[in-house]
Amino acid sequence: MDSASPSTRPLRKAVLPVAGFGTRVLPATKSIPKEMLPVFDRPAIQYVVDEALAAGIEHIIFVTGRNKGAIEDYFDRAVELETALRNKNKTAQLEEVELSVRAPGTMSFVRQQSAQGLGHAVWCARDIVGDEPFAVLLPDMLMMAKPSCLAQMAEAYGKVGGNIIAVEPCEDPSSYGVIDPESREGRLIKMKGMVEKPKKEDAPSNLFISGRYILQPEIFALLESQKPGAGGEIQLTDAMERLMQNQSFHALEYDGRTYDCGDKIGYLRAFAAYALAHEELGPKAAAALHAALAVKRD
Ligand code: UTP
């Protein structure tokens with residue numbers, strides 16, 4: 001396949017890499033996976049799974065590591081808890097507990113034995129993905145969007161095919177990976193490259209790569225031979241740059257907002273934003289946050 005005929009094969013599978021150590025949010029992540037930290041009333045990972053399902057994804061592949069068993073348990077039945085809730089007629093709570101359980105066979109878990117980088121984590125899913133396009137969702141990035149960020153990307157994929165990356169404008173490109181745009185049509189940007197943490201004055205754009213990708217399976221062969229890059233890790237962006245030499249890449253400036261839960265202040269922002277956006281409890285959350293700020297000022 002070359003850039004003249006980008007693949008539009010259906011998108012059915014999503015890879016969620018969850019094998020990192022989450023060192024920027026220690027000590028909270030010493031014994032709890034970062035992805036299980038609550039963002040208001042549910043673990044962060046639930047929002048990301050919901051985003052993928054809203055885009056029509058049929059099969060979710062988690063790339064896990066040691067000490068990540070809580071993620072697997074969360075997506076399984078909690079038989080004792082469910083029985084107790086049923087016996088006490090706590091129907092609403094029972095429904096909430098059952099929400100995370102998907103049809104048997106629609107979630108897979110594969111282990112990355114040592115955290116060698118995001119590119120390596122994605123490569124660990126190669127056999128389960130097989131020879132078809134797939135999405136990658138970084139679970140520490142929460143995208144607040146309607147339709148979901150991946151749903152917007154899937155729509156763009158239906159039009160142009162190939163590889164699609166979600167981007168969002170930022171004030172300071174020097175702390176992110178940003179895209180080098182070639183041409184733009186509405187929110188869809190044809191890419192000619194990517195630059196990791198450019199100096200502000202040299203940045204080819206202010207559009208940072210925010211953690212959602214639709215990739216063609218040819219990336220796996222490139223990841224297999226990918227040499228360690230920044231931080232001594234196998235970087236997904238390095239393999240994507242190589243794939244870009246013979247496949248088309250578009251960036252989608254999706255309509256929504258990214259919350260980076262990977263560090264403490266970003267996590268706080270996400271927690272507050274999702275509390276405020278909660279359909280039922282949002283107004284009470286706003287009052288509680290105002291009250292907390294007032295106490296802080298005294
Ligand atoms: P991050 O670098 O943001 O996550 O990787 P981290 O390594 O957990 O965080 P810090 O830097 O130590 O605080 C983005 C995503 O890729 C996964 C992480 O779990 C995270 O969801 N990842 C990263 C892996 O699965 N394996 C790796 O080797 C690296």
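All ligand and atom numbering here is 1-based and tracks the order in the structure.
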For [X], atoms of ligand 1 separated by under 4.0 Å from a heavy atom:
X: Ala121; answer: 24 (C), 25 (O), 26 (N)
X: Val18; answer: 19 (O), 25 (O)
X: Glu35; answer: 19 (O), 21 (O)
X: Leu118; answer: 16 (O), 29 (C)

Quick one: look up the protein heavy atom nearest [atom] and list residue, atom name and how far away it is.
atom: atom 12 (O) of ligand 1; answer: Thr23 OG1, 2.6 Å
atom: atom 18 (C) of ligand 1; answer: Gly20 N, 3.6 Å
atom: atom 1 (P) of ligand 1; answer: Arg24 NH2, 3.8 Å
atom: atom 14 (C) of ligand 1; answer: Asp140 OD2, 3.9 Å
atom: atom 21 (O) of ligand 1; answer: Pro17 O, 3.0 Å
atom: atom 9 (O) of ligand 1; answer: Lys34 NZ, 3.4 Å

Without hydrogens or angle criteria, can the side chains of [X] and [Y] be said to hold a donor-acceptor pair below 3.5 Å?
X: Gln235; Y: Thr237; value: no
X: Arg242; Y: Gln226; value: yes
X: Gln247; Y: Asn163; value: yes
X: His120; Y: Gln112; value: yes

Report yes if some heavy atom in the side chain of Leu137 is under 4.5 Å from a heavy atom in the side chain of Leu150; otherwise report no.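 In contact.
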Geometric N/O contact [X] with ligand 1, under 3.5 angstrom:
X: Gly117; answer: yes
X: Ala19; answer: yes
X: Phe21; answer: yes
X: Glu233; answer: no
X: Gly22; answer: yes

Taking Pro181's backbone N and O only, do any of them form a donor-acceptor pair with Ser205's side chain (distance below 3.5 Å, no angle check)?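 No; judged by distance alone, with no hydrogens or angles, the pair does not exist.
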Check for a donor-acceptor pair, side chain of Glu168 on one end and backbone N or O of Thr258 on the other, with a separation under 3.5 Å.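 Checked: pair present.
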Is Met144 reachable from Leu281 through a run of I, L, V, M, F, W or Y residues, each pair having side-chain heavy atoms under 4.5 Å apart?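 Yes.
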Where on Gln112 is there a heavy atom closer than 4.0 Å to ligand 1, on the side chain, on the backbone, on both, or on neither?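 Side chain only.
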For ligand 1, is any non-hydrogen atom under 4.0 Å from Gln116's backbone (N, CA, C, O), its side chain (CB onward), both, or neither?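 The part of Gln116 near ligand 1 is the backbone, not the side chain.
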Please lay out, stage by stage, how Leu16 and Leu138 fare under the test side chain to side chain contact (heavy atoms under 4.5 Å, CB included). CA-CA 6 Å; Leu16 275 59; Leu138 303 194; over 6 Å; no
More than 12 foreign heavy atoms under 6.0 Å from CG of Asp50: is that the case here?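 Counting other residues, nucleotides and ligands, CG of Asp50 exceeds 12 neighbours.
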Work out which heavy atom in Lys190 is nearest to a heavy atom in His250; give both atom names and the distance.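 Scanning both residues completely, I find the closest heavy atoms to be CA-CD2, 3.7 Å.
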